[in-house]
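Notes follow the structure.
Order of listing sets the numbers, starting from 1, for every ligand and every atom in it. Positions are given from 1, in the same order as the sequence printed here. No experiment lies behind these values; they were computed from the predicted model shown.
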Amino acid sequence: MRATAGGDNERDRSSLDAICSDVDAYYTACVARHGATPRGVDWSCEATQGLRFVQLMKLCDVSAPFSLNDIGCGYGALVPFLATRFASCEIDYLGIDLSRAMISRARRRYAGPQRRFVVAAESPRVADYSVASGIMNVNVGYAREAWEDYVRAMLARMHATSRRGFAVNFVRATDDAEPDSDPATTRLYHTIPDVWAAHCERAFAARVDVIGNYGMKEFTLLVHRTSPVRPAH
Ligand SMILES: C[S@@+](CC[C@H](N)C(=O)[O-])C[C@H]1O[C@@H](n2cnc3c(N)ncnc32)[C@H](O)[C@@H]1O
């Protein structure tokens, strides 16, 4: 069977494509309803959207130029954040989103030299770093097991296309988290840091930092690569 950069075979690939298509429908409806605003990417406000970016960007060494893949870039909100916060650092940015409606809004607002956007569910290039804010959160109606297969595949794709490492956030499971009994409805995927930190350490031989102290019911993983990227076949 043919394998992709992330290592998924054709059968896995068609399940992933089905999930991606439902995720696309969910977020495309969101942005159609609320426009290029935090609500349009299912966040409650700009302040918490930015707080997530702060955590994710702790991955990057901003003392020298670097390339960055933003997986699930939405309408491109990370771009003005980078311009404000890291104004003196040269960042070759690529925003990737499976929703065409998101990418067309992102392009209209922010496309320019070193700021490109593509419609895709994985990065077409290897960059120094990848970040993903919110792509694992909304399980669009799948059994927990199927959603976790999807999460593993997305992590593998990020690992395969990140020279130095990647960062990703999750909703943290708490005692009052909603139960996972009804897979037929869209809901938040809650989890605990240890599960995915251990997975990344084991599957990618990576060094993982967990950030969980930023005042939200979420956590961020900074996954540092310890071995070179394998060239694509
Ligand atoms: C919660 S929104 C966050 C958008 C943006 N990261 C931000 O913080 O403003 C998640 C975005 O990721 C996109 N997305 C979800 N899963 C994806 C995947 N596997 N590949 C590419 N984009 C994805 C959705 O279409 C949506 O625009």
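Only the backbone of Cys73 comes within 4.0 Å of ligand 1, counting heavy atoms alone; no side-chain atom from C-beta on gets that close.
Of all protein heavy atoms, the one closest to atom 9 (O) of ligand 1 is Gln49 NE2, 2.8 Å. Looking only at protein heavy atoms, the nearest one to atom 2 (S) of ligand 1 is Val41 O, 3.3 Å. Given atom 5 (C) of ligand 1, the protein heavy atom at minimum distance is Gly72 O, 3.3 Å. For atom 17 (C) of ligand 1, the nearest protein heavy atom (residue, atom name, distance) is Leu98 CD2, 3.6 Å.
Arg125 CZ: more than 12 foreign heavy atoms inside a 6.0 Å radius. The local environment of CZ in Arg225 is crowded, with over 12 non-hydrogen atoms from other residues, nucleotides or ligands closer than 6.0 Å. Atom CD of Gln114 has more than 12 heavy atoms from other residues, nucleotides or ligands within 6.0 Å.
Between His199 and Phe204, a ring centre-to-centre spacing shorter than 6.0 Å is recorded. Tyr75 and Tyr110 have their aromatic ring centers separated by at least 6.0 angstrom. No close placement of the Tyr142 and Tyr150 rings is indicated, their centers lying 6.0 Å or farther apart.
Classification of Asp128 and Arg163 as a salt-bridged pair holds, one side-chain N sitting under 4.0 Å from a carboxylate O.
Counting only non-hydrogen atoms, the option in Asp97, Asp70, Thr48 that gets closest to atom 27 (O) of ligand 1 is Asp97. The nearest non-hydrogen atom to atom 7 (C) of ligand 1, considering only Phe81, Trp43, Tyr27, Tyr150, comes from Trp43. In this comparison of Ser133, Ala153, Pro38, Gly134, the heavy atom closest to atom 3 (C) of ligand 1 sits on Ser133.
Applying the 4.0 Å criterion to heavy atoms of Val23 picks out, from ligand 1, the atoms 15 (C), 16 (N). Annotation for ligand 1: atoms under 4.0 Å from non-hydrogen atoms of Phe53 are 7 (C), 8 (O), 9 (O). Atoms of ligand 1 found under 4.0 Å from any heavy atom of Met154 (numbered from 1 in listed order, with element): 19 (N).
Within the 3.5 Å criterion, the main-chain N or O of Gly134 finds a donor-acceptor partner in the side chain of Asn169.
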